*Asks:* 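Starting off with a structure, shown below.
On a predicted model such as this, the values are computed, not experimentally measured, just so you know.
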Amino acid sequence: MLAPSNLVLVLLAQSIDSVSSFAVSSSNSPKRKAISNQGKAAGGFAKKFDSVPISHKRDESASTQNLINFLLQWKSEGLGDPDAGTEVGFDETNGVRGMYATKPFKKNDIICKIPSDVALALVDPSKATDESLNVADGALNFLQWYQNNEQARQTWSAYLDTLPTREAHFDPTPDFYSDDEIEQLEFPMIVKQAAERKKQIATLADRESIPFEELQFATWLVASRSFAIKITVDDPLVRDGAVSTSEKGIRLLLPYLDMINHSSDNANAELHLIDPEKDDAWFSIRAVRPIKKGKEIVISYGASGVETSVGLLMNYGFVPDENKIDSLLLKKGGEDCIDSLDGWSTALAEDEAQLSEATGNMVNILKLRTKLKQAYPSD
């Protein structure tokens, strides 16, 4: 049987129509195309406008450098050298780690790419179903296939050592909240999702004799770091030569690419598959609009590149400053929504006042409450 990570090659050999928890597109490599000065500044006076003031500090940690060296051994592109295209750094204002452009890019430029060989599958594609992906199941596979597998741990240590820990780069999702804090979220959709995830983790941990806390954190890693991709597979039918199309879902960990941060309304890049039908397929980041040197590279999390603030808090542990999709969620309504401001137990002004003094998990709880209340249409 193939090693779990190599199952990605089996996946990409099939016909793929991808939709991901990050916006995804795909293309084939041109047969022959001479590229010169791709993404570099134009000459003359225009050159000075192709960069922005540097607002981050380059990540010089041994773990990040080891990851880059590991990926370069696999012929990854757009990373490592200062002029390669990208670097990992820390925002000088808030200390958040992200990816930054080290040269300008034009729309549709490939910013960086890694081969499918280094993608870590969290589900066996041959056993994938058309059902929604359970992150707790993916977390169990992560622990058994990689984290707690001595041989695999050694093979993938350059990547695993860069993943967040409880002490660094960890933003708790609602399944880490107390029951009282979950209830204070109040919005039915996320209250139900948080309770269900806690239940899934507890059931799986008990069945597999794994400490709840270990599986819970692994679930957070999978939810916040993996790319959930749906693939469309054409299966020939014997009768009448018809073709049946089925959709399967898998989760992947993509080293280096998973360090890119989110923007709900101003993403400048997307996840892009190159030659998905070939064994030597690539996962890349492609510019969706011009990006200046020094600018942070950001993508939009969520199916087809959109995600509500509810989904972002549930899976990634943060509430964005701006998110146009929230108004669409409220307009759609349903039993898991609150139809109007009158349906909440507190007024917007009350939540805003409490937020100014909030600490711990209450910060994101109140951020979500205020963000949703602000998204209702004005009378």
Side-chain angles (χ1 to χ4, degrees), residues 18-24 96-98 120-123 131-143 163-166 168-177 181-182 185-202 204 213 215-230 249-254 257-265 267 270-271 298-326 328-329 336-337 361 363-365 367-369 371-372 375:
S18 297
V19 180
S20 169
S21 60
F22 297 73
V24 175
V96 174
R97 183 172 64 177
L120 283 70
L122 296 173
V123 63
E131 299 176 356
S132 59
L133 300 173
N134 185 326
V135 292
D137 289 329
L140 177 63
N141 290 337
F142 170 75
L143 291 174
L163 291 175
T165 65
R166 288 179 180 270
H169 312 299
F170 173 53
D171 299 306
T173 46
D175 51 295
F176 284 84
Y177 296 1
E181 288 173 330
I182 291 176
L185 287 164
E186 197 166 339
F187 199 69
M189 180 179 295
I190 195 167
V191 171
K192 291 180 180 179
Q193 290 176 357
E196 179 61 25
R197 183 168 294 175
K198 270 191 170 183
K199 181 180 177 180
Q200 290 173 347
I201 296 170
L204 200 56
E213 292 76 12
L215 184 58
Q216 183 184 37
F217 186 73
T219 300
W220 177 85
L221 279 174
V222 169
S224 63
R225 306 290 290 198
S226 68
F227 293 70
I229 297 178
K230 291 183 179 180
I250 68 163
R251 282 190 176 272
L252 305 171
L253 289 170
L254 302 179
L257 306 190
D258 61 2
M259 293 186 181
I260 299 178
N261 289 322
H262 164 85
S263 174
S264 293
D265 300 336
E270 67 179 355
L271 179 66
V298 288
I299 61 178
S300 290
Y301 301 170
S304 300
V306 293
E307 185 59 276
T308 65
S309 295
V310 169
L312 292 171
L313 180 57
M314 186 65 225
N315 292 309
Y316 305 96
F318 68 87
V319 178
D321 293 332
E322 301 293 337
N323 194 353
K324 296 176 182 178
I325 198 67
D326 288 341
L328 297 179
L329 169 69
D336 288 340
C337 290
N361 294 330
V363 173
N364 275 335
I365 291 172
K367 276 187 176 181
L368 181 66
R369 290 168 62 104
K371 183 60 59 182
L372 292 176

*Asks:* Could you tell me whether D258 and R225 have a side-chain N and a carboxylate O separated by less than 4.0 Å?
*Replies:* yes
*Asks:* Taking side chain as C-beta onward, heavy atoms only, is T173 less than 4.5 Å from S224?
*Replies:* no
*Asks:* Under the side chain to side chain donor-acceptor pair (under 3.5 Å) test, which residues partner D336, sequence neighbours left out?
*Replies:* K192
*Asks:* Do S263 and I299 have side-chain heavy atoms sitting under 4.5 Å apart?
*Replies:* no
*Asks:* For P174 and I190, which heavy atoms make the closest approach, and how far apart are they?
*Replies:* CG-CD1, 3.9 Å
*Asks:* Work out which heavy atom in S226 is nearest to a heavy atom in L122; give both atom names and the distance.
*Replies:* CB-CD1, 3.8 Å
*Asks:* On a heavy-atom basis, which atom in A136 and which in I201 lie closest, and how many Å separate them?
*Replies:* CB-CG1, 4.3 Å
*Asks:* With N364, which residues qualify under side chain to side chain donor-acceptor pair (under 3.5 Å), at least two apart?
*Replies:* none
*Asks:* Within a 6.0 Å radius of atom CG on D321, are there more than 12 heavy atoms belonging to other residues, nucleotides or ligands?
*Replies:* no
*Asks:* Looking only at the aromatic ring of each residue, does the gap between the centers of F142 and F217 stay below 6.0 angstrom?
*Replies:* no
*Asks:* Give the ring-plane orientation class for F170 versus W220, where under 30° counts as parallel, over 60° as perpendicular and anything between as tilted.
*Replies:* perpendicular
*Asks:* In Å and rounded to the nearest 0.5 Å, what is the OG1 to CG distance from T219 to L204?
*Replies:* 7.5 Å
*Asks:* S309 and N323: which non-hydrogen atoms are nearest, and at how many Å?
*Replies:* N-ND2, 3.2 Å
*Asks:* Once you round to the nearest 0.5 Å, how far does CG of L329 lie from CG of L372?
*Replies:* 7.0 Å
*Asks:* Between L271 and F227, is a side chain to side chain contact (heavy atoms under 4.5 Å, CB included) present by the stated rule, with each step listed?
*Replies:* CA-CA 9 Å; L271 179 66; F227 293 70; 3.3 Å; yes
*Asks:* Compare every heavy atom of R251 with every heavy atom of V123, then report the nearest pair and how far apart it is.
*Replies:* CG1-N, 3.6 Å
*Asks:* Between H262 and S300, is there a donor-acceptor pair closer than 3.5 Å when you use the side chain of the first and the backbone of the second?
*Replies:* no
*Asks:* Please determine whether side chain to side chain contact (heavy atoms under 4.5 Å, CB included) holds for the pair K198 and I182, giving the CA-CA distance in whole Å, both sets of side-chain angles, and the decisive distance to 0.1 Å.
*Replies:* CA-CA 11 Å; K198 270 191 170 183; I182 291 176; 4.1 Å; yes
*Asks:* Looking at residues at least two apart in the chain, or sitting in another chain, which of them share a side chain to side chain donor-acceptor pair (under 3.5 Å) with N141?
*Replies:* none
*Asks:* Strictly by modelled atom types, are R197 and N315 linked by a side-chain donor-acceptor pair under 3.5 Å?
*Replies:* yes
*Asks:* Do L313 and F318 have side-chain heavy atoms sitting under 4.5 Å apart?
*Replies:* no
*Asks:* Report the C-alpha distance between H169 and M259 in whole Å, list the side-chain angles of each, state the deciding distance to 0.1 Å, and finish with yes or no for side chain to side chain contact (heavy atoms under 4.5 Å, CB included).
*Replies:* CA-CA 11 Å; H169 312 299; M259 293 186 181; over 6 Å; no
*Asks:* Could you tell me if the side chain of E307 sits less than 4.5 Å from the side chain of I325, heavy atoms only?
*Replies:* no
*Asks:* On a heavy-atom basis, which atom in I365 and which in L185 lie closest, and how many Å separate them?
*Replies:* CG1-CD2, 3.8 Å
*Asks:* Report yes if some heavy atom in the side chain of N134 is under 4.5 Å from a heavy atom in the side chain of Q200; otherwise report no.
*Replies:* yes
*Asks:* Could you go step by step and tell me if D171 and Y316 meet the side chain to side chain contact (heavy atoms under 4.5 Å, CB included) rule?
*Replies:* CA-CA 7 Å; D171 299 306; Y316 305 96; over 6 Å; no
*Asks:* Is it true that a side-chain atom of N261 and a backbone atom of R97 form a donor plus acceptor pair closer than 3.5 Å?
*Replies:* yes
*Asks:* With Y177, which residues qualify under ring-ring contact (aromatic ring centres under 6.0 Å, His included), at least two apart?
*Replies:* none
*Asks:* Tell me whether E322 at atom CD has more than 12 heavy atoms from other residues, nucleotides or ligands lying less than 6.0 Å away.
*Replies:* no
*Asks:* Under the side chain to side chain donor-acceptor pair (under 3.5 Å) test, which residues partner Q193, sequence neighbours left out?
*Replies:* none
*Asks:* If you measure from CG on L368 to CD on E186, what distance do you get to the nearest 0.5 Å?
*Replies:* 10.5 Å
*Asks:* List in chain and number order the residues that pass salt bridge (Lys or Arg N to Asp or Glu O under 4.0 Å) with D326, two or more places apart in sequence or in another chain; answer none if no residue qualifies.
*Replies:* none
